[in-house]
There are 2 protein chains.
Amino acid sequence: MYTIGARSTGHHAASDLRTAIEEDIVTGRVAPGERLDEAGLAVRFGVSRTPVREALQGLAADGLITLRPRRGAVVASPTIPDLMALFEAMTELESACAGLAARRMEAPDHARLWDLWRACLPAVRAGDADAYYDANVRLHEAVYDGAGNPVLAGDTRRLRNRLAPYRRLQLRSPRRLLASHAEHEALAAAIEAGDEALARGRMRGHVGVQGEAFTDFLARLPDTLRAG
Amino acid sequence: MYTIGARSTGHHAASDLRTAIEEDIVTGRVAPGERLDEAGLAVRFGVSRTPVREALQGLAADGLITLRPRRGAVVASPTIPDLMALFEAMTELESACAGLAARRMEAPDHARLWDLWRACLPAVRAGDADAYYDANVRLHEAVYDGAGNPVLAGDTRRLRNRLAPYRRLQLRSPRRLLASHAEHEALAAAIEAGDEALARGRMRGHVGVQGEAFTDFLARLPDTLRAG
DNA sequence: GACGGAACTCTTGTATACAATCGGCGCACG
DNA sequence: CGTGCGCCGATTGTATACAAGAGTTCCGTC
């Protein structure tokens, strides 16, 4: 049995640890640059250092933390150039997914996509950034899966995860929520039409570094980078 | 210090182990599906099981091996659909690199790119598939780096590594060597011209699943899949 | 003779013990 | 008083010991 791309959700202590710590990072409960003490985590989760180390290795492999030899683990704190590279890579991967999704999604998938789009509406109307972020993620995930390529979808998810601590900053303004929702609509239409090039282009514009979303993001960034 | 994308070449036993085992896999010295015994590797490398396990975790994170809970590690043995997904993802990532490289590489980079292209010639003339493969890798790596995006380059490298055990099959025929070399020339020309769309398209055609290269690859595959 | 089950063995997962290196602190010296 | 060196504590890296689950084999039964 060869599972490709999927996150290996084993049943060991190490796997649970991994997801627990990951949660703390992507939700921002532990800040970028913050130290992750092995012994501390061990007592906190009631296990020995061994599974803790395994979890940290895994997080480092996905770029969520940085593991410096003999100097311990810290939550990854990318510089602004790093963040630009991450967003750019994200753009490439997401637009690739969108293109393939346009080629491969079929009627039922389209229906589900529109469902997920409509599910974003309440959050837009309420101006609830957190709720919108979650609904937005589900929509994007549907596109990843719609690409019909577990490898590409896996890499894209990994990147999204890596950016998660910063992504929420993008959606602070009600104006951006509205724009994002409209962009989703155009994207879904392109996918439904099976127009691969258009879908690629619209996804690119949606998450790309040349869009206003990223500019807004950068504008809000310094506050958090000072903290690290 | 936040190194992004780069393989963490630490100085621990674990890191050395990791690269040693990785070598065995990508060069095909250990076949897909083959079991990797922790204790065996430990005695073979003169270390305890702990660093061995760390190395295996890392390899699993990169998809080179499969780690089944309580059942040990085996070299990844993707099915044909898996391989198609891997190649397709590779196509997307490589063409993205090519596009960015077209936008960002400058004169000295172009010169180096042509140097690497010329360095492929002897192997083409000699019909030496292994030598050509190595020179070919160096050329592609130059494109990854030329993209100026360590994240994208890192993901692309990881994928290439994952496919390495199978890639050599593509280059068995002298005819393919010649074709590949010509495709490289066209690619380099597009990059030098700064034509992003053209570079993307040519890279896509070069590594893509619709090309004859992949067809040849599939045709040669059954022999090796039977072995696993 | 074939099939099912239970004990055994082997391997993995986790905990603990030991060793080596890094950062911090204090002291001597300029 | 500022700076550099050496010792000490703390933390990581590795080894070993222990526990638990999976695969296997052998035997009893049908």
Side-chain angles (χ1 to χ4, degrees), chain A residues 1-3 7-22 24-25 30-31 33-77 228, chain B residues 1-3 6-22 24-25 30-77 228:
Chain A
M1 197 170 312
Y2 179 80
T3 49
R7 171 82 60 248
S8 72
T9 73
H11 312 72
H12 326 309
S15 295
D16 301 338
L17 268 184
R18 146 99 205 214
T19 54
I21 302 173
E22 189 171 328
D24 281 356
I25 295 173
V30 300
E34 198 165 323
R35 194 163 161 58
L36 294 172
D37 180 51
E38 290 181 5
L41 292 168
V43 301
R44 176 176 152 201
F45 289 100
V47 295
S48 82
R49 275 179 51 219
T50 308
V52 171
R53 282 179 62 85
E54 283 193 11
L56 293 181
Q57 302 267 138
L59 291 168
D62 280 9
L64 284 165
I65 68 174
T66 302
L67 227 45
R68 290 172 307 178
R70 295 272 178 201
R71 301 188 54 197
V74 296
V75 179
S77 63
Chain B
M1 199 172 313
Y2 180 82
T3 49
R7 170 81 61 250
S8 73
T9 75
H11 312 74
H12 328 308
S15 295
D16 301 338
L17 268 185
R18 147 98 206 217
T19 54
I21 303 174
E22 189 170 328
D24 281 356
I25 295 172
V30 301
E34 199 166 319
R35 197 165 159 55
L36 294 173
D37 180 52
E38 291 180 5
L41 291 168
V43 299
R44 177 177 152 200
F45 289 101
V47 295
S48 82
R49 276 179 50 220
T50 309
V52 171
R53 282 179 62 84
E54 283 192 11
L56 293 180
Q57 302 267 137
L59 291 168
D62 279 8
L64 284 164
I65 68 174
T66 303
L67 228 45
R68 290 171 307 179
R70 294 270 178 203
R71 299 188 55 197
V74 296
V75 178
S77 63

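Basis for what follows: all heavy atoms, side chains included, without hydrogens, waters or symmetry-related copies. All chains are named by letter (A, B, ...) in the order of the sequence lines, taking the proteins before the strands, and each is independently numbered beginning at 1.
Between A:T50 and the phosphate of C:dT14, there is no side-chain N or O to OP1/OP2 separation shorter than 4.0 Å.
Closest approach of A:R49 and A:A42 over heavy atoms only: N-CB, 4.1 Å. Closest approach of A:A76 and A:G63 over heavy atoms only: CB-O, 3.6 Å. Closest non-hydrogen pair, B:A55 versus B:L17, comes out as CB-CB, 4.0 Å. Taking each heavy atom of B:I25 and B:L59 in turn, the nearest pair found is CD1-CD1, 4.4 Å.
A:I21 places a side-chain heavy atom less than 4.5 Å from the side chain of A:F45. Residues B:D24 and B:E34 are not in side-chain contact: their nearest non-hydrogen atoms beyond the backbone lie 4.5 Å or more apart. Looking at heavy atoms from C-beta onward, B:P51 lies out of side-chain contact with B:H12 at the 4.5 angstrom threshold. Side chains of B:R53 and B:L56 form no contact here, defined as non-hydrogen atoms less than 4.5 Å apart.
As a whole-Å value, the separation of A:F45 CZ from C:dT14 P is 14 Å.
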What does the list of N/O pairs under 3.5 Å between the protein and nucleotides 7-13 of chain D look like, with a distance for each?
{"unit_1": "D:dT11", "atom_1": "O3'", "unit_2": "A:R35", "atom_2": "NH2", "d": "3.3"}
{"unit_1": "D:dT12", "atom_1": "OP1", "unit_2": "A:R35", "atom_2": "NH2", "d": "3.3"}
{"unit_1": "D:dT12", "atom_1": "O3'", "unit_2": "A:R70", "atom_2": "N", "d": "3.4"}
{"unit_1": "D:dT12", "atom_1": "O2", "unit_2": "A:R70", "atom_2": "NH1", "d": "3.1"}
{"unit_1": "D:dG13", "atom_1": "OP1", "unit_2": "A:R70", "atom_2": "N", "d": "3.1"}
{"unit_1": "D:dG13", "atom_1": "OP2", "unit_2": "A:R53", "atom_2": "NH1", "d": "2.6"}
{"unit_1": "D:dG13", "atom_1": "OP2", "unit_2": "A:R53", "atom_2": "NH2", "d": "3.2"}
{"unit_1": "D:dG13", "atom_1": "O4'", "unit_2": "A:R70", "atom_2": "NH1", "d": "3.3"}
{"unit_1": "D:dG13", "atom_1": "N7", "unit_2": "A:R49", "atom_2": "NH2", "d": "2.9"}
{"unit_1": "D:dG13", "atom_1": "O6", "unit_2": "A:R49", "atom_2": "NH1", "d": "3.2"}

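Summary of helix geometry: the two end axes of the helix from C:dG1-D:dC30 to C:dG30-D:dC1, each defined by five base pairs via their C1' atoms, are inclined to each other by 10° (rounded to 10°).
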